[in-house]
Amino acid sequence: MAQEHKKWQCIVCGWIYDEAEGCPEEGLAPGTAWGDVPEDWLCPDCGVGKEDFEMVEI
Amino acid sequence: MTAPLVVLGTGLAGYNLVKEFRKLDSERPVVMITSDDGRQYSKPMLSTGFSKGKDADGLAMNDAGAMCETLKVEIRTFQQVTRIDSQQNKIFMDDDALEYSDLVLALGAAPINLPIVGNEYLMHVNDLMDYEKFHQAVQGKEKIVVLGAGLVGCEYAHDLASASYKVEIAAPDAQPLSRLVPDQCGQALIPALQELGVKLHLGKAATKVEKINDGLVVTLDDGSELVADVVLSAVGLRPRTDLAKQAKLQVNKGIVVDRHLKTSENNIYALGDCAEVAGFNLLYVLPLMNGARALAKTLSGQEVELQYPVMPVMVKTPSLPIVTCPPQDEGQGNWSIEGQTPHLKALFKDSQGNLLGYALTGECVAEKIKLNKELPASWYK
């Protein structure tokens, strides 16, 4: 069964992390769950950390 | 009835503080007061709006009404606070007064207005309403001169050029980002900007702006003239301290606060661009977010000291990404630079080889997380 992918949005700049797409340019393969994104990872647009992201329903 | 927690300002600092505070205390009455329309938006996005094809409405995330509901607060828009009476715990507006239990100054910083002839023709973009005016002013226009080659000037020039405007930058600095990155890294940005069609006039300060027919002419200190439809000034910001000064709070570069973000008066706090925390006035997103989280705790009764983690600054110039963690004291070490332009890794180390700062450009930005771990864990002490 395919896992359901979620999207997380940076509350500071609005950048969206889509688990389905990952973020290959930051070394996160497509399908990487938010929980598996390293704790020290930073928003590629504004530099805030994971704690400033919230799950969004899109 | 107890007086509310009053927050002056609904920018990133004000809204993020209250958002964090509501996670800890859903009951206490909160009143937010703003001199603008109170729309919530992300300040970092003001300098990437044109390339994303967004007008001010497109950048606004919520209006004041929606924020009242979400945060369970009262928001008073278009209100100028004229005076604080710290003895009576009261603030005064044009025709109203309000008592506070705690007061937070989240007033931000104001653009520096260049002291040159014709500065009334300069535009600034420091908030969403400025963006709206600027966005309208450049509709159907072509040529934009940007004054300033710092973070904001470079980001705007990049954004506007990506949206097909003809952009020229003029700045007295010898290279872009001169206060944030070593010279060689700043120089690496020049070809990236030129490729987008940006013309740079570095080492030249503007001395005069004149209105001629429908356009503007900017004169530089070498006598050369630049013709523009609109001139955007991005020469720096100054913390808003007037209200605090008038209330006799201690003010230096910003409003002086300790690591609890408390000013020299009881029950008055300052946060974000207007605040000088333990000697540091840092006009970036990360210091503000860390401050909001710490102050939310303090205001909800669990006093915490703000300790800054490593806080890299991202320069939003997508054709050559740059990330920097400037050393706090250039006297404590030396820069060494590796790599081939435009992909540079500049490391700032002390004589024992400890990493105290870095600047990365192009493909090297991928190393930021690894380098963050090598920096001292506690920053700005």
Side-chain angles (χ1 to χ4, degrees), chain A, chain B residues 11-13 15-16 19-20 23 40-49 51-52 54 58-62 70 151 155 272 284-290 292-293 308-318 321-325 360 362-363 365-375 377:
Chain A
M1 202 175 82
Q3 215 184 333
E4 197 186 327
H5 292 299
K6 296 190 178 77
K7 290 181 183 178
W8 296 78
Q9 186 170 33
C10 173
I11 60 164
V12 173
C13 74
W15 188 85
I16 288 174
Y17 177 75
D18 182 340
E19 293 179 341
E21 291 173 16
C23 187
E25 57 270 41
E26 297 268 319
L28 302 171
T32 305
W34 184 244
D36 295 330
V37 174
E39 285 309 308
D40 56 8
W41 182 83
L42 304 171
C43 173
D45 264 11
C46 71
V48 299
K50 273 183 84 178
E51 69 273 25
D52 291 315
F53 276 73
E54 285 183 354
M55 199 173 58
V56 282
E57 305 290 338
I58 296 175
Chain B
L12 268 182
Y15 275 142
N16 277 304
K19 189 166 184 273
E20 293 296 323
K23 291 180 187 168
Q40 185 216 11
Y41 65 98
S42 167
K43 180 127 181 227
M45 295 299 96
L46 293 183
S47 53
T48 57
S51 50
K52 291 181 176 157
K54 293 199 169 177
L59 289 176
M61 292 146 93
N62 286 293
T70 313
L151 177 76
E155 289 187 349
Y284 302 106
V285 174
L286 285 179
L288 180 160
M289 296 300 287
N290 283 285
R293 225 170 267 129
Y308 288 124
V310 173
M311 298 182 292
V313 176
M314 309 274 185
V315 183
K316 293 188 291 303
T317 44
I322 297 177
V323 57
T324 174
C325 234
L360 306 169
E363 287 166 8
V365 300
E367 294 190 51
K368 64 180 184 269
I369 289 176
K370 185 173 103 10
L371 291 174
N372 287 343
K373 288 181 190 157
E374 292 177 31
L375 286 167

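Each chain gets a letter, A, B and so on, in the order its sequence line appears, and its residues count up from 1.
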- Item | Contact origin within B:Asn16 toward chain A - heavy atom pairs under 4.5 Å | side chain
- Interface residue of largest heavy-atom contact number with chain B, from A:Gly47, A:Gly27, A:Pro44, A:Cys46, under 4.5 Å: A:Gly47
- Message: So for atom CD, which belongs to B:Glu363, do other residues, nucleotides or ligands contribute more than 12 heavy atoms lying within a distance under 6.0 Å?
- Response: no
- Under 3.5 Å, is there a donor-acceptor pair between the side chain of B:Glu155 and the main chain of B:Lys316? yes
- May I ask you to test the B:Leu375-B:Cys325 pair for a side-chain heavy-atom distance under 4.5 Å? yes
- Answer yes or no for A:Lys50 and A:Trp34: cation-pi contact, defined as NZ/CZ to six-membered ring centre under 6.0 Å and angle to ring axis within 45°. yes
- Message: Looking at A:Lys7 and A:Glu21, is any side-chain nitrogen of the basic one under 4.0 Å from a carboxylate oxygen of the acidic one?
- Response: no
- Non-hydrogen atoms of chain A under 4.5 Å away: do they reach the side chain of B:Lys52, the backbone, both or neither? side chain
- Message: With a 4.5 angstrom heavy-atom cut-off, is it the side chain or the backbone of A:Pro38 that approaches chain B, or both, or neither?
- Response: neither
- Task: Check whether B:Met311 gets within reach of chain A through its side chain, its backbone, both or neither, counting any heavy atom under 4.5 Å.
- Result: neither
- Would A:Asp52 and B:Arg293 pass as an ion pair if we require N to O under 4.0 Å? yes
- Examine whether an atom of A:Cys43 lies under 4.5 Å from a heavy atom of chain B, and if so say whether it belongs to the side chain, the backbone or both; otherwise answer neither. backbone
- Message: Using heavy-atom distances under 4.5 Å, tell me whether A:Trp15 contacts chain B through its side chain, its backbone, both, or neither.
- Response: neither
